[in-house]
Amino acid sequence: MNQKYAFLEKVGREPSNLIKGLQAVQGVEGYVSDESIVAIADYFGIPVVEVEGVLSFYAQFKRVKPGKYKIAVCDGTACHIKGSTQVEEWLTRELGIKSGETDARGHFSLETVACLGCCSLAPVMSVNGRVYGKLDRKSMIKILKEYENK
Ligand code: FES
């Protein structure tokens with residue numbers, strides 16, 4: 001087994017633990033890479049295609065390596081009403097990536113998420129878990145500049 005994935009040993013080797021194994025990989029690497037899929041298939045003794053089938057079924061698993069700064073745009077009800085679609089469009093225009101993508105230099109990634117739990121600040125986004133609320137185009141650009149050269 002690829003020693004890089006030795007942490008899988010903490011997950012029981014029964015194929016019924018496949019989702020736990022995928023979650024473990026994503027917890028360590030931030031996504032599920034092609035390399036890890038092969039390691040997982042090897043560990044559980046199942047075909048790669050079976051691992052890929054499970055991956056494609058569950059939206060919780062990311063197949064793209066996240067950027068250094070993970071931007072999450074809330075599209076919960078309150079944020080949607082207050083313009084989350086517009087916020088996402090601004091971000092897409094500024095960063096050149098859509099939700100679910102990472103920019104070419106691996107600096108920013110963008111995703112759309114459900115309620116971040118601070119609806120009174122809608123519309124809201126977070127960068128690596130730090131929440132920014134009452135967004136408009138000007139404040140969003142200011143936030144991006146903060147992270148641009150970090
Ligand atoms: S709906 Fe966006 S924080 Fe609750």
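Counting starts at 1 for both ligands and their atoms, following the listed order.
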Distance-only donor-acceptor hits, side chain of residues 69-80, under 3.5 Å, sequence neighbours excluded:
from  : atom 1 : to    : atom 2 : distance (Å)
Asp75 : OD1    : His80 : ND1    : 2.8
Asp75 : OD1    : Ser84 : OG     : 2.6

Any side-chain heavy-atom pair of [X] and [Y] under 4.5 Å:
X: Asp103; Y: Leu110; answer: no
X: Arg63; Y: Leu55; answer: yes
X: Phe44; Y: Val11; answer: yes

I'd like to know if Glu94 and Arg137 make a salt bridge, using a cut-off of under 4.0 Å between side-chain N and carboxylate O.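 Looking at Glu94 and Arg137, the cut-off is met.
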
Which residues and atoms, counting only protein N, O or S, are under 2.8 Å from atom 2 (Fe) of ligand 1?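 Near atom 2 (Fe) of ligand 1, the protein supplies Cys74 SG, Cys79 SG.
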
Looking only at heavy atoms, which two atoms of Leu8 and Tyr43 are closest? And how far apart?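 Closest heavy-atom pair between Leu8 and Tyr43: O-OH, 3.0 Å.
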
